[in-house]
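All remarks here apply to the structure that follows.
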2 protein chains.
Amino acid sequence: MSTRARSRSRRGEGGLLRQDILDAAARLLVESGDVEKVTIRAVAADVGVSPPSVYLHFPDKDTLIFDVCQQLFAALDQAIESAAAGLEDPFDRIRARGLAYARFGVEHPEHYRVLFMQKPESAPKGFGPEQLMESAAFAHLLQNAADLIATGLLEPGLEPFPVALELWAVVHGCTSLLISHPNLGLPPVEVLFGQACDHLTRGLLGPDST
Amino acid sequence: MSTRARSRSRRGEGGLLRQDILDAAARLLVESGDVEKVTIRAVAADVGVSPPSVYLHFPDKDTLIFDVCQQLFAALDQAIESAAAGLEDPFDRIRARGLAYARFGVEHPEHYRVLFMQKPESAPKGFGPEQLMESAAFAHLLQNAADLIATGLLEPGLEPFPVALELWAVVHGCTSLLISHPNLGLPPVEVLFGQACDHLTRGLLGPDST
DNA sequence: CCGATAGGTGAACATCGTTCAGCGACTTGG
DNA sequence: CCAAGTCGCTGAACGATGTTCACCTATCGG
């Protein structure tokens, strides 16, 4: 904790504190690995500022925590996309995407919890269902689902949206299971998701599958 | 809140308070629908007893909450088994099982959260990985997986344990997704899980599937 | 230099989980 | 029948939390 006192910002630069708070909270979260350790007082002390100052930039603690985690959301999308880049086959792509997603979740369990496993009420208004569905990550997943359908290999009549949700449910199930029960003797992400993904995609195939 | 004063128990009947506390906590949980509303003080007041009295029967709050939710674990198993009862085909059984599980989770979201979506540290020592794997519910799932394999219809080389985990991951994914994002426009449990289950089980089939 | 205002604080409130010394009614041994 | 013991329970407090509100004060335009 760098409890150094922070010098007051110049006029018009009050917003600088906001980023400092975000950075400190993010640092505390990754270093402690526990959301409950990221307390308003701890963050304020780390920035070198008094607790009430946090409320000049965030309406409440939940919003602060969520904003911290949401910064990882873009990184998640990038990780997924770079994993899928260069793969031609839509089936290879969806597998690589899911694996990257699951790995990301397992490597950032606290963030994943906040983003995807929290009570809906805790999510601030800025991250409702709409924002999730309109996110680049979901758009990419949707596109991949459409590509799968476009191969003509899938069972006829499937729509991209339900297929995307189905795929998401599977990868989310593997990820959250690994996060919540790490000592269960579960196989590593690659195996657990790999098998589930293979079986699910194979089950999506149509009757004329080779 | 029935803040009635509770008369002191007779000698040797101190344990009666334990059940009263459990009942009160359970009632508060279902009535408020929010774990955070189930506070030690609220439970104690509801029973008509002072807060420290709770600690005569529970080491800490997490254990109390968990014990409350664990009471539903047996009910979960019963719900699953009664759903699967009478079904001969192992594929029908696994589908009915999963659906009953998912329905149960969606209908008791707070309990499901505590049991399956919490941080592993929050779970008391009485509900470690071992207890989960040795539970009747998991045994039944494992048996069903074995039955699936015994049909000879599945892809060769599959073992019951990984298959069970895979199935659990899928149904858990659907359940927790519906719990965490109820306003996402997700299809109802029956549809979301139904499709995922059908596709997964079909993907588990071997090459000589009709 | 002056007053307005952006930037930040001190102290407090309500609430939480938890601890600890101790009270008091009831049982029991003599 | 009385004294001692102990079981069941409590009052008061500690430390920590999120949050609010009145207030201060350094800075900047005029």
Side-chain angles (χ1 to χ4, degrees), chain A residues 1 3-25 28-29 32 34-69 110 114 118-119 121-124, chain B residues 1 3-25 28-29 32 34-68 114 118-119 121-124:
Chain A
M1 321 166 186
T3 324
R4 65 185 179 274
R6 182 194 146 97
S7 61
R8 182 182 187 140
S9 294
R10 295 254 170 91
R11 278 228 169 168
E13 296 182 344
L16 294 183
L17 179 54
R18 183 189 157 88
Q19 193 57 47
D20 282 10
I21 291 174
L22 278 174
D23 292 346
L28 281 176
L29 182 56
S32 71
D34 185 356
V35 201
E36 305 197 0
K37 295 286 181 190
V38 185
T39 162
I40 295 277
R41 282 171 161 90
V43 171
D46 193 87
V47 176
V49 110
S50 75
S53 299
V54 175
Y55 291 88
L56 299 176
H57 299 282
F58 301 91
D60 53 35
K61 190 201 170 186
D62 282 349
T63 308
L64 167 59
I65 299 287
F66 195 88
D67 284 3
V68 167
C69 294
E110 293 296 317
V114 172
Q118 244 183 1
K119 306 193 63 169
E121 304 96 80
S122 308
Chain B
M1 324 168 185
T3 324
R4 65 183 180 276
R6 182 193 146 97
S7 61
R8 183 182 184 142
S9 294
R10 296 250 173 92
R11 273 226 173 171
E13 297 182 343
L16 294 183
L17 179 54
R18 183 190 157 87
Q19 193 57 48
D20 284 9
I21 290 174
L22 277 174
D23 293 346
L28 281 176
L29 181 56
S32 71
D34 184 357
V35 201
E36 306 198 1
K37 295 287 180 189
V38 185
T39 161
I40 296 276
R41 283 171 160 91
V43 171
D46 193 87
V47 176
V49 108
S50 76
S53 299
V54 175
Y55 291 88
L56 299 175
H57 300 282
F58 301 91
D60 52 35
K61 189 201 171 187
D62 282 349
T63 307
L64 167 60
I65 299 286
F66 196 88
D67 285 2
V68 167
V114 172
Q118 245 183 3
K119 305 192 64 171
E121 304 96 80
S122 309

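Quick note on labels: first sequence line is chain A, next is B, and so on, each numbered from 1.
Minimum atom distance to the side chain of A:Lys61 is reached by D:dG18, of the listed C:dC20, C:dT27, D:dG18. Side chain of B:Pro52, nearest nucleotide from C:dG8, D:dG5, D:dG11: D:dG11. Here the nucleotide nearest the side chain of A:Ile40, chosen from C:dT9, D:dC9, D:dG18, is D:dG18. Residue B:Asp60 has its side chain nearest to C:dT18 when only D:dT17, C:dT18, D:dT10 are considered. Here the nucleotide nearest the side chain of B:Arg41, chosen from D:dA13, D:dT19, D:dC7, is D:dA13.
Contact of A:Arg10 with C:dG7 (side chain to base): no donor-acceptor pair of N or O atoms is detected under 3.5 Å. Remark: the A:Arg8 side chain and the D:dT25 base include a donor-acceptor N/O pair separated by less than 3.5 Å.
For C:dG7, the OP1/OP2 oxygens have no side-chain nitrogen or oxygen of A:Ser53 closer than 4.0 Å. Distances shown here put every side-chain N or O of B:Thr39 at or beyond 4.0 Å from the OP1 or OP2 atom of C:dT15. Look at B:Ser9 and you won't find any side-chain N or O under 4.0 angstrom from OP1 or OP2 of D:dC7.
Residue A:Ser50 is in base contact, counting any heavy-atom pair closer than 4.0 Å across all strands shown. Contacts of B:Leu56 with the nucleic acid, taken as non-hydrogen atoms under 4.0 Å apart, include base atoms.
Atom NZ of A:Lys37 is separated from atom CD of A:Glu110 by 11.5 Å, given to the nearest 0.5 angstrom. Atom NE2 in A:His57 sits 14.0 Å away from atom OG1 in A:Thr63 (nearest 0.5 Å).
If you measure from atom CG of B:Leu28 to atom C1' of C:dC16, you get 15 Å, rounded to the nearest angstrom. Residue A:Tyr55 contributes atom OH, which lies 22 Å from atom P of C:dA6 at whole-angstrom precision.
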